[in-house]
**Q** 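Mind having a look at this structure? Questions to follow.
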Amino acid sequence: MTVAAESAASLVQSVDWVAIAPPTIAAVVGLVVLVADLFVGDGKKAVLGWVSVAGLAAAALALLPLVDGGDDDRSTFCLTGGAAHACSYTADRFTLVIQLLVLGGALVAALLSMSTLKDSPDELPAGEYWFLLLSSAAGAALLPASRDLATLIVALEVASLPAFALVGLKRGDKRSSEAALKFFLSSVTATAVSLLGVSFVYAATGTLHLTEIATKLQDVDGQLHTLAQTGVALTLVGFAFKVAAVPFHFWVPDTYVGAPLPVAAYLSVVGKAVGFTGLILVTVVAFPSYADVWGPAIAVLAALTMTAGNVAALRQQATRAYSAVRLLAWSSVGQAGYLLVPIAAAGYADDDAGAQKAIGSTVAYALMYAAVNLGAFAVAALVGRTQRLNRVSDYRGLYARSPLAALVLGFFLLCLAGLPPGIIGLFAKVTVFSAVVDAGLGWLAVVMAVNVVIALFYYLQWTALLFRAPEGEPVRHRAPAPLTAAIAVTAVLGIALSGAPQLVLRFADTGLF
């Protein structure tokens, strides 16, 4: 065989279709929905929603063949020329856990969306809405499996670009358009900086594969050391934006208020999952030798983010328009700070086992947060059907109008606060505290403790409001079946995990190393 033939043969890729099935199914169903929209009459647009829900459920079920109880690591799109573990797509346990979180979150958001689209068919075009949601979910499901910087950035943008359109999709709504513009401009700036960092890393190492970067960064030429350090720092910017870390968080409240409520719920969970997953991959997998750069930086970001989010949430006025959504938005910024804490702790770990434990804490906290935050948004969507301004004061006496909704929302808020009976929230916070203490970051543990106390005030204040005497005649809240299903699923999940919180840590043992 000639040299040219050998070179050509080394480029041939075998594709593991089972491994790439989850994001592929979501993308294919999105295209099917977009085409079907051309042939479905205006009175039958709900069919597109059910097809989308079924597609997301099928994508989540496609994870089952990848969990064989033994070696979960399946890779495809690999280099065949000599690099042993240089693959662009890897379906390991970490990937499967995050894909389940992403697709499950998208599925709940889809259930919320069905009621929203039915209530406002003239404002939100159904075909475009479902196509954009499925496309974003496909990109979000691709990201945790990405093992090179090019695929990682592409997945990040595939998850982000449809989200911009979803935020601004309301026809004739200036607030929606303004929110989309803020989201877009902030994201584009962060992405540009991140791409500059990727180019610096590539210039210093000559490769884009994460495992190869980790090896080559240990022996970077002295003249390229500063370039590599700068590349590492800049690469983190794009993912810090997705997590809504300070100072990349200013878009969050306006974007959540301007977006349709299901889209805000989607961004609060799936958007953050994309961000912290990208951060984990580029820091722990690609840049472990530069932990002295990103470890302290993420620790400071975590402290600033949780403080800014909780203080802003505390200052929300209950009678202000959309104050309930704004409070959830600022709360999500504070929760992002907690998510960043174990990632920072991984930078101070002495060995892979310590870093693995820290990353497991982040994943465990993300699983808890996803379930209860989606549930809180689901109840907010229910109240928003009769209270269009969705103020915190509108929740006064919710127990008299809708006892089950009030009890469920109270449970979700207590989970976010980390108080019984929300045991899963308390358990998740304890695991994060454990990770940061084990890393020797006492000052960060103190900052987190102070922020937890601050958050207790506004969570408990909102919870108490639910059970106060209502003002005026109580108005019953009638929930459509998809909205009821979303509330029920998140409530059952939260209660089940509170009953057996140890399952979260066992499930979050990612085996990333």
Side-chain angles (χ1 to χ4, degrees), residues 23 88-92 94-103 105-106 136-163 186-202 208-211 213-214 231-245 248-249 266-288 290-291 293-295 297-298 301-302 305 336-337 339-344 346-347 355 358-359 362-363 365-366 369-370 510 512:
S88 294
Y89 188 104
T90 298
D92 55 15
F94 174 79
T95 298
L96 302 186
V97 171
I98 301 302
Q99 285 183 337
L100 178 62
L101 189 161
V102 165
L103 294 171
S136 180
L142 171 62
L143 192 138
S146 304
R147 293 299 184 271
D148 69 66
L149 289 176
T151 307
L152 205 60
I153 294 296
V154 168
L156 180 66
E157 291 310 300
V158 171
S160 301
L161 291 174
S186 302
S187 183
V188 166
T189 302
T191 301
V193 174
S194 190
L195 284 173
L196 181 63
V198 169
S199 67
F200 286 176
V201 172
Y202 179 71
L208 290 173
H209 287 87
L210 303 185
T211 52
I213 289 173
V232 169
L234 294 179
T235 302
L236 302 180
V237 169
F239 301 102
F241 168 85
K242 285 299 166 191
V243 177
F248 313 106
H249 68 292
Y266 176 84
L267 290 175
S268 74
V269 171
V270 178
K272 279 188 176 46
V274 166
F276 83 76
T277 301
L279 272 177
I280 290 170
L281 290 175
V282 297
T283 54
V284 178
V285 178
F287 306 148
Y290 279 71
V293 175
W294 56 261
I298 294 179
L301 282 180
T305 301
L339 282 167
L340 288 171
V341 167
I343 302 178
I359 296 305
T362 292
V363 176
Y365 197 96
Y369 169 76
T510 59
L512 190 59

**Q** At their closest point, which heavy atom of Ala91 faces which heavy atom of Leu96, and how far apart are they?
**A** CB-CD2, 4.4 Å
**Q** If I compare all heavy atoms of Gly139 with all of Val158, which pair ends up nearest, and what's the gap?
**A** CA-CG1, 3.6 Å
**Q** Go through it in stages, so that I can follow the logic: the residues are Val285 and Ile213, the test is side chain to side chain contact (heavy atoms under 4.5 Å, CB included), and I'd like the CA-CA distance, side-chain angles, deciding distance and then a yes or no.
**A** CA-CA 9 Å; Val285 178; Ile213 289 173; over 6 Å; no
**Q** For a quick test of reading the model, state the closest non-hydrogen atom pair linking Thr362 to Pro342 and the distance between them.
**A** OG1-CB, 3.0 Å
**Q** Supply the atom-to-atom distance Ile298 CD1 to Ile343 CD1, rounded to the nearest 0.5 angstrom.
**A**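 Nearest 0.5 Å value for the CD1-CD1 distance: 6.0 Å.
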**Q** Are any of the side-chain heavy atoms of Val188 and Phe241 separated by less than 4.5 Å?
**A** no
**Q** Give the C-alpha distance, both sets of side-chain angles, the deciding distance and a yes or no for side chain to side chain contact (heavy atoms under 4.5 Å, CB included) between Leu149 and Tyr202.
**A** CA-CA 9 Å; Leu149 289 176; Tyr202 179 71; over 6 Å; no
**Q** Are any non-hydrogen side-chain atoms of Thr95 and Asp92 less than 4.5 angstrom apart?
**A** yes
**Q** What distance separates Tyr290 OH from Leu236 CG, expressed to the nearest 0.5 Å?
**A**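 Answer rounded to 0.5 Å: 13.0 Å.
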**Q** Quick one: side-chain contact (heavy atoms from CB on, under 4.5 Å) partners of Ser88, sequence neighbours excluded?
**A**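 For Ser88, the residues satisfying side-chain contact (heavy atoms from CB on, under 4.5 Å) (neighbours in sequence not counted) are Phe77, Asp148, Thr151, His209.
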**Q** Report the residues that fulfil side chain to side chain donor-acceptor pair (under 3.5 Å) with Thr90, sequence neighbours left out, ordered by chain and then residue number.
**A** Ser75
**Q** Which heavy atom in Ala214 sits nearest to a heavy atom in Pro288, and how many Å separate them?
**A**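 Closest approach of Ala214 to Pro288, heavy atoms only: CB-CD, 3.9 Å.
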**Q** Which atom pairs, donor and acceptor, lie under 3.5 Å between side-chain atoms of residues 272-279 and protein residues at least two apart or in another chain?
**A**
residue : atom : partner : partner atom : Å
Thr277  : OG1  : Ala273  : O            : 2.5

**Q** Identify, with sequence neighbours excluded, every residue that meets ring-ring contact (aromatic ring centres under 6.0 Å, His included) alongside Phe200.
**A** none
**Q** List the steps and the verdict of side chain to side chain contact (heavy atoms under 4.5 Å, CB included) for Leu281 and Phe94.
**A** CA-CA 10 Å; Leu281 290 175; Phe94 174 79; 4.0 Å; yes
**Q** Minimum heavy-atom separation for Val102 to Ala141, with atom names?
**A**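 The answer is CG1-N, 3.9 Å.
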**Q** Just do the side chain to side chain contact (heavy atoms under 4.5 Å, CB included) check on Val97 and Leu100 with the steps written out, would you?
**A** CA-CA 5 Å; Val97 171; Leu100 178 62; 5.8 Å; no
**Q** Looking at residues at least two apart in the chain, or sitting in another chain, which of them share a side-chain contact (heavy atoms from CB on, under 4.5 Å) with Val237?
**A** Ala190, Val193, Phe248
**Q** By the side-chain hydrogen bond (donor to acceptor under 3.5 Å, both in side chains) test, which pairs, at least two apart or in different chains, include something from residues 153-162?
**A**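 side-chain hydrogen bond (donor to acceptor under 3.5 Å, both in side chains) check on residues 153-162 returns Glu157-Thr191, Ser160-Lys242.
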**Q** By side chain to side chain donor-acceptor pair (under 3.5 Å), which residues pair with Ser194, not counting sequence neighbours?
**A** none
**Q** Specify the closest pair of heavy atoms between Ala240 and Leu301, including all atoms of both residues, with the distance to one decimal.
**A**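 Residues Ala240 and Leu301, closest heavy atoms: CB-CD1, 4.4 Å.
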**Q** Could you work out, with side chain to side chain donor-acceptor pair (under 3.5 Å) as the rule, every residue matching Ser136, not counting sequence neighbours?
**A** Tyr266
**Q** Sequence neighbours left out, what passes ring-ring contact (aromatic ring centres under 6.0 Å, His included) with His249? Give chain and number order.
**A** Trp330
**Q** Let me confirm one number: the CD-CG distance from Gln99 to Leu143, rounded to the nearest 0.5 Å.
**A** 10.0 Å
**Q** Just how far is it from atom CG of Leu161 to atom CG of Leu156, taken to the nearest 0.5 Å?
**A**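 Reported value, rounded in 0.5 Å steps: 9.0 Å.
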**Q** Under the rule for ring-ring contact (aromatic ring centres under 6.0 Å, His included), what residues qualify as partners of Tyr369, not counting sequence neighbours?
**A**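 Checked Tyr369 against ring-ring contact (aromatic ring centres under 6.0 Å, His included); zero matches.
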**Q** Measure the spacing between OG1 of Thr235 and CZ of Phe287 and express it to the nearest 0.5 Å.
**A**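 Separation between the atoms: 4.5 Å.
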**Q** Under the rule for side chain to side chain donor-acceptor pair (under 3.5 Å), what residues qualify as partners of Thr283, not counting sequence neighbours?
**A**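 With neighbours one apart ignored, the set is empty.
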